[in-house]
Amino acid sequence: MHRVLNVAEKNDAAKSLARLLSKNSASMREGFSKFNKIYEFNYQLFNQPVQMTFTSVSGHIMNCDFTSAHNSWAQVDPVVLFDAPIQKKVTDRATDIEKTLKREVARCQTLIIWTDCDREGENIGYEIIDLCQAVKPGIKVYRARFSEITYSSAARALSNLIQPDRRISAAVDVRQELDLRIGAAFTRFQTLRLQRLFGFDSKQVISYGSCQFPTLGFIVERYLQRENFIREPFWKIAVEHQTESGEFCEFTWERVRLFEHQPCLMIYDMIMDEPLAKVMDIKSKNKSKWRPAALDTVEMEKLASRKLRMTGKKTMEVAEKLYMKGLISYPRTETNIFPNEINLNPLIQNQVGDQRWGAFAQRVLNDGPHPRNGKNSDKAHPPIHPTRYPDGQLTEDENKLYELVVRHFLACVSKDAQGDETTIKIEIANEKFNASGLIIREKNYLEVYIYDKWSEKSLPLYDLNQTFYPTKIEMVQGETTPPQLLTEADLIALMEKHGIGTDATHAEHIAKIQERVYTKMNSERRFEPEKLGLGLCEGYDKMGHALSKPFLRAELESQLKAICEGTAQPAAVLREQIDKYRQVFIVTAAQIQKLDDAMTKYFGAPGQNPPPPPPPPRPPSSGPFGDRTNRNQPPNGRANAPQNRQPQASRVPNNNNNPPFRPQQQQQPTRPARPLQQEQIRPTNSSGIPKCNCNTDAKELTVKKDGPNRGRSFFRCGNNDNCNFFAWKDESTTTATTTFQTGGNTYRQGGNHQSTSSRKRRSSDNDEDGKQRKCGLCKETGHTRRNCPSLNSFL
DNA sequence: GCAAGGTC
């Protein structure tokens with residue numbers, strides 16, 4: 001009988017495919033590898049009965065590496081590694097699999113490749129083909145193209161067998177070779193040099209990799225953004241209202257905030273002139289909070305990191321265990337769409353006995369499952385979902401992750417939460433303020449998905465056109481705050497966005513750079529760079545090759561795509577990339593002083609370090625490193641990190657519990673009392689530097705932000721983040737800070753503004769002596785404060 | 001002793 005050898009990427013796939021195609025009649029026997037079984041059954045193929053033999057590999061079975069001639073770190077100049085011969089051979093741990101394949105193919109006339117239908121899968125397919133053709137050169141080879149492991153998909157693949165795609169596989173060969181050459185050359189070079197100069201332990205490898213360095217780069221970039229962040233003051237107007245029945249409502253300013261003190265004060269002033277609020281608009285609408293989309297690997301890692309405080313690496317280890325126990329589906333998937341072939345009902349039914357979510361699962365069954373799908377499919381695996389209910393004990397971590405997968409799954413197939421959102425718009429002296437409230441009508445998925453919160457907020461009832469006096473109107477000073485260090489979830493999201501690593505490897509790269517002591521997770525579970533990571537990034541950044549940036553990898557990725565599509569030749573891409581990196585390497589070696597300098601900042605000057613512990617065999621110190629000619633001086637310097645603006649208001653405390661105004665009868669609204677004011681003249685030292693609120697010399701800074709005040713100098717407290725002192729330099733000679741008391745509020749404003757005159761309300765356009773009135777803001781005539789052009793120019 | 005990619 002015609003025998004067909006079918007090889008899948010992993011045992012699980014081979015087992016499922018055989019079970020489906022044989023309608024559960026496949027027999028199983030052992031191969032040489034205890035993890036990769038052999039499944040057999042008869043099938044009708046090519047219009048004839050055939051015997052199908054299904055077996056598997058475990059991912060790649062081959063690895064490429066240099067030959068032994070280039071193994072010595074001490075004797076081989078790393079630059080040689082860009083051209084040294086590379087061989088691809090079966091890894092030690094895959095020799096059993098190789099034996100199985102060779103034995104089985106000898107009995108077969110046809111080989112069908114069932115590896116995952118992605119780039120790596122195509123390459124693994126050729127590893128299998130190469131092994132099998134070595135034994136049986138004339139064997140017919142086909143590729144099964146399938147999108148899910150279901151009967152219909154597998155049967156369709158068999159009736160539409162295609163040829164494997166050499167180009168896709170070649171793209172992976174190019175990637176492998178480049179990763180190896182670049183990684184090995186830079187790793188050996190920097191490890192040996194830094195060990196020698198800075199006394200690192202001989203066991204401490206200082207690796208370079210095309211994924212690990214950009215990952216480190218993200219961490220360092222954020223760290224530096226934070227370090228170099230210049231806080232900028234802003235001002236805003238906050239309005240509160242407590243109704244007579246005691247209900248409370250907070251209104252936010254439609255302008256959000258202003259980065260100029262003066263115009264904010266002007267507006268505040270106008271509001272205080274006529275502080276009567278009028279309700280302009282009330283809207284109510286349905287609001288949904290969406291249930292989560294089907295779970296893929298990256299989302300699972302991010303969720304577990306945020307909600308379970310489990311690292312990506314740990315999450316994948318635990319997920320792997322759950323998968324091996326048959327409790328969840330395959331955990332490495334980019335798919336967040338449930339295929340139609342999957343019958344969700346039995347999967348939900350498995351959960352109805354659980355005390356925590358059984359009742360919810362039953363309700364989902366009653367309503368019918370409606371999965372919320374994302375947009376990605378790797379055409380190989382379904383979204384991560386529970387496959388059965390545990391019948392034995394799980395470890396604590398397994399329990400936590402299983403619970404997350406189940407709750408996510410049940411949430412995904414249930415219904416969105418429903419609520420009513422009310423928005424109220426008010427105006428005070430033409431300035432607009434909003435408040436919004438939320439009533440949750442149906443919790444739906446939120447009942448099972450304890451990881452999402454949706455808070456209710458009730459609002460007092462207002463009528464359209466109603467007027468009222470707010471109980472509090474404050475001008476509040478805030479300050480932009482630096483961006484936070486990256487969490488693991490942030491980092492994974494950045495890696496995904498820039499195409500660094502794959503869903504299966506994100507966590508490994510993050511673990512790797514911690515193992516290398518380039519970075520660590522701090523007590524807030526955010527990544528901060530270690531001295532070594534900072535030194536490396538800074539040194540390479542100074543050379544200008546962007547080795548710690550994601551762009552080089554992204555460029556390679558686009559060329560690999562071109563190879564897959566047939567628009568680029570693998571050999572040409574390989575040559576171009578090797579030439580480019582060889583050149584980068586040579587220039588790096590020539591400028592290595594820049595790396596040394598950066599490292600010196602963190603580890604002291606070379607030679608002043610404690611000697612390395614036991615003297616291991618060292619490379620000759622007169623090695624080839626550091627004495628190359630600089631043939632291609634790259635552009636120097638890095639772009640300034642953009643400053644994220646993250647506002648955070650720091651309220652000036654209200655020292656008086658009594659609200660400044662009491663709401664009055666609407667028919668006869670009573671104007672609230674004018675604020676009292678109280679000026680404090682600040683002392684300055686002999687250089688004209690004012691004292692801040694902590695009574696130390698303030699620090700002079702300059703506005704960097706684009707805008708009317710760019711380049712203008714101001715003073716802030718130099719040593720205390722909680723000291724809210726602020727003063728413009730050009731206004732600080734007489735009055736730096738003014739504190740006003742408004743009924744019950746205290747607020748502080750910087751600058752020598754037109755405090756007294758502008759804050760007196762006038763009853764007519766002309767002064768008592770008949771002269772035409774000047775604008776209270778700019779002192780010009782011909783307009784009032786409300787249409788003052790200088791105010792408008794600020795806004 | 002080096003990379004990144006599969007998977008057990």
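Sequence lines set the chain letters: A, B, ... in the order given, protein chains first and strands last, and positions in each chain run from 1. Please read these numbers as outputs of a predicted model, since none were measured by experiment. The figures here come from the full heavy-atom set of this structure, side chains too, leaving out hydrogens, waters and symmetry mates.
Counting non-hydrogen atoms under 4.0 angstrom, A:Y330 reaches the backbone sugars and phosphates but no base. No contact: A:G121 has no heavy atom under 4.0 Å from any strand. Looking at heavy-atom distances under 4.0 Å, A:I86 makes no contact with the nucleic acid at all. A:M62 comes within 4.0 angstrom of a base, heavy atoms only. Looking at heavy-atom distances under 4.0 Å, A:R119 makes no contact with the nucleic acid at all. Counting any heavy atom pair closer than 4.0 Å across all strands shown, A:R181 reaches no nucleic acid atom. If you check every strand for non-hydrogen atoms under 4.0 Å, A:T187 touches sugar and phosphate atoms only. Using a 4.0 Å heavy-atom cutoff across all strands shown, A:Q212 reaches sugar-phosphate atoms only and no base atom. A:T502 comes within 4.0 angstrom of the backbone, heavy atoms only, and of no base. Note on A:N63: a base of the nucleic acid sits closer than 4.0 angstrom, heavy atoms only. A:E320 comes within contact range of the sugar-phosphate backbone alone, with a heavy-atom separation under 4.0 Å but no base atom that close.
A sub-4.0 Å separation between OP1 or OP2 of B:dG5 and a side-chain N or O of A:T505 is present.
A:F603 and A:F200 have their aromatic ring centers within a separation under 6.0 angstrom.
Stacking of A:Y208 onto the six-membered ring of B:dA3 is not present when judged by under 5.5 angstrom between centres and under 30° between planes.
In this model, a side-chain donor or acceptor of A:N36 finds a partner on the base of B:dC8 within 3.5 Å. Side chain A:S58 to base B:dC8: a donor-acceptor pair is found below 3.5 Å.
Within a heavy-atom distance below 4.0 Å of DNA chain B, no residue of residues 487-499 of chain A is found.
At least one cation-pi condition fails for A:K325 and A:Y402: the charged atom is not both under 6.0 angstrom from the six-membered ring centre and inside a 45 degree cone around its axis.
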message = Between A:S305 and A:K302, is the side-chain contact (heavy atoms from CB on, under 4.5 Å) condition met? List the steps.
response = CA-CA 5 Å; A:S305 179; A:K302 291 197 288 193; 5.8 Å; no
